[in-house]
Amino acid sequence: YLLCCRLLLTLLNNKTRLSLDLSYRNDLFVLDFHTMTWSLRDLTGNGPSSRNNHSIAMVGVKLFIHGGHDGIQWLSDLYTLDTDTGRWDLPMISGDPPSSRACHTLTRVGRKLYMFGGYDGAKCFNDIDILDLDTMTWIRPNIAGTLPKARNAHTMTCVGKKVYLFGGHSGNKHLQDLHILDTLNMQWESPNIAGVPPPGLRGHTANVISNKIYIFGGYDGRGRSNDLHILNLEERQWEHVHMKEGAPPGRQRHTACLVGSQKLYIFGGFDGFKW
């Protein structure tokens with residue numbers, strides 16, 4: 001299957017060789033930002049099986065983890081982890097659940113989780129599935145506007161009530177398009193953005209800081225990038241930052257987590273030869 005998505009910070013893959021025979025994991029590590037120390041968390045409950053390329057969203061103190069690939073099959077299960085108690089749970093969910101997939105996104109907007117895209121070994125998706133967190137019900141909404149191309153290994157970044165979709169891979173092409181989903185009127189928009197956009201990327205990260213979205217790394221079909229591209233939301237313009245010395249090596253399938261309001265922590269990934 002496509003080696004397409006970033007690894008998520010909490011469920012790690014520790015293989016260091018380029019191979020489809022990966023070692024899948026379901027352990028959880030915690031980084032304490034005050035002491036800058038890693039610890040392996042002991043967990044209780046019936047947790048998810050070992051997997052990669054799943055999606056994850058944070059709601060309060062709970063992690064919601066959906067899907068992925070376990071080395072044999074594509075998954076459609078959804079688990080929650082209470083990070084205070086360290087207990088896994090398999091919640092009861094009603095409605096029509098999304099199909100099995102990996103390399104998709106799960107994005108929280110208010111009291112809803114928006115799932116988009118992904119790959120199931122045969123095709124990519126461009127549908128939106130919504131998990132209502134108050135009723136724990138899956139919803140397939142009607143959405144206006146022009147649907148983005150089906151894709152995987154993209155990013156979805158929440159800014160207020162809007163979600164910004166960038167990049168990914170269609171199954172045969174790296175994409176560099178930008179789309180906005182307005183969750184108030186459930187409509188897609190393809191905005192006009194000035195400046196030079198990033199190249200088509202998959203396995204990159206995107207984080208919103210103040211009025212800008214920071215896009216780092218990714219794979220463009222030729223190499224792994226360590227470029228930093230910024231989408232200025234006020235000016236609706238792309239900016240390319242020339243990195244100072246000490247920038248991380250080029251990578252894809254890494255994670256980037258905003259801590260506080262100014263620090264972006266970049267972890268792990270794949271550089272084309274090793275994890």
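Counting from 1, the numbers follow the sequence of the chain as shown.
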**Q** To the nearest 0.5 Å, tell me how far L31 CG sits from T37 OG1.
**A** 7.0 Å
**Q** Report the residues that fulfil side-chain contact (heavy atoms from CB on, under 4.5 Å) with D127, sequence neighbours left out, ordered by chain and then residue number.
**A**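 Result, side-chain contact (heavy atoms from CB on, under 4.5 Å) vs D127: R101, F125, D129, R140.
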**Q** Using modelled atom types only, decide if a donor and an acceptor are shared between the side chain of S225 and the backbone of G218 within a distance under 3.5 Å.
**A**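 Such a contact is absent between S225 side chain and G218 backbone.
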**Q** Side-chain donor-acceptor pairs under 3.5 Å in residues 141-149, sequence neighbours left out?
**A**
none

**Q** Write down the atom of I213, the atom of L233, and the distance for their closest heavy-atom approach.
**A** CD1-CD2, 4.1 Å
**Q** So, R41 side chain and T83 main chain: donor-acceptor pair closer than 3.5 Å or not?
**A**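 Between the backbone of T83 and the side chain of R41 there is a qualifying donor-acceptor contact (under 3.5 Å).
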**Q** Do L264 and T205 make a side-chain contact, defined as non-hydrogen atoms from C-beta onward lying under 4.5 Å apart?
**A**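 SC-SC contact between L264 and T205 ruled out.
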**Q** Can you check whether I180 reaches W188 side chain to side chain, under 4.5 Å on heavy atoms?
**A** no
**Q** For the CD atom of Q252 and the CZ atom of R202, what is their distance to the nearest 0.5 Å?
**A**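 One finds 6.0 Å between CD of Q252 and CZ of R202.
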**Q** Holding to ring pair (Phe, Tyr, Trp, His ring centres under 6.0 Å), I want the full list of residues that pass it with W138, two or more places apart in sequence or in another chain.
**A**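 For W138 there are no ring pair (Phe, Tyr, Trp, His ring centres under 6.0 Å) partners, ignoring immediate neighbours.
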**Q** For the residue pair F64 and M136, what are the closest heavy atoms and their distance?
**A**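 Answer, listing the atom of F64 first, then M136: CE2-CE, 4.2 Å.
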**Q** Measure across C124 and R151 and return the closest heavy-atom pair with its distance rounded to 0.1 Å.
**A** CB-N, 3.6 Å
**Q** Rounded to the nearest 0.5 Å, how far apart are OH of Y265 and CE of M36?
**A** 5.0 Å
**Q** Roughly how far, to the nearest 0.5 Å, is CG of D32 from CH2 of W38?
**A**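 CG of D32 is found 11.0 Å from CH2 of W38.
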**Q** When you measure from the side chain of N53 to the backbone N and O of C103, does any donor-acceptor pair fall under 3.5 Å?
**A** no
**Q** Only one of L106, I130, D132, T107 forms a side chain to side chain contact (heavy atoms under 4.5 Å, CB included) with L113, so which one is it?
**A** L106
**Q** Any side-chain donor paired with an acceptor under 3.5 Å for T137 and S94?
**A** yes
**Q** Does atom CD1 of I72 have more than 12 heavy-atom neighbours, drawn from other residues, nucleotides or ligands, at distances under 6.0 Å?
**A**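 For I72, atom CD1 is not crowded (no more than 12 foreign heavy atoms under 6.0 Å).
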**Q** With a 3.5 Å distance limit and no angle check, can you tell me whether W74 reaches the backbone of D120 through a side-chain donor-acceptor pair?
**A**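 Indeed, once roles are kept as given, a pair shorter than 3.5 Å links the two residues.
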**Q** For D134, does the CG atom sit with more than 12 other heavy atoms under 6.0 Å from it, leaving out its own atoms?
**A** yes
**Q** Do the side chains of L165 and L181 get nearer than 4.5 Å, heavy atoms only?
**A** no
**Q** Mind running side chain to side chain contact (heavy atoms under 4.5 Å, CB included) on H204 and T155 for me, showing each step along the way?
**A** CA-CA 7 Å; H204 53 291; T155 53; 3.2 Å; yes
**Q** Does the ring center of H169 lie less than 6.0 Å from the ring center of Y119?
**A**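 Judged by ring-centre distance (under 6.0 Å), H169 and Y119 do not meet the cut-off.
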**Q** Quick one: pull up NE2 in H66 and NE2 in H104 and give me the separation to the nearest 0.5 Å.
**A**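 The NE2 atom of H66 sits 5.0 Å away from the NE2 atom of H104.
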**Q** Which heavy atom of V196 sits nearest a heavy atom of W238, and at what distance?
**A**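 So the minimum-distance heavy-atom pair works out to O-CB, 3.3 Å.
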**Q** Strictly distance-based, threshold 3.5 Å: is any side-chain N or O of R251 a donor or acceptor partner for the main-chain N or O of P249?
**A** yes
**Q** When rounded to the nearest 0.5 angstrom, what is the spacing between OG1 in T105 and NE2 in H154?
**A**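 Between atom OG1 of T105 and atom NE2 of H154 there are 3.0 Å.
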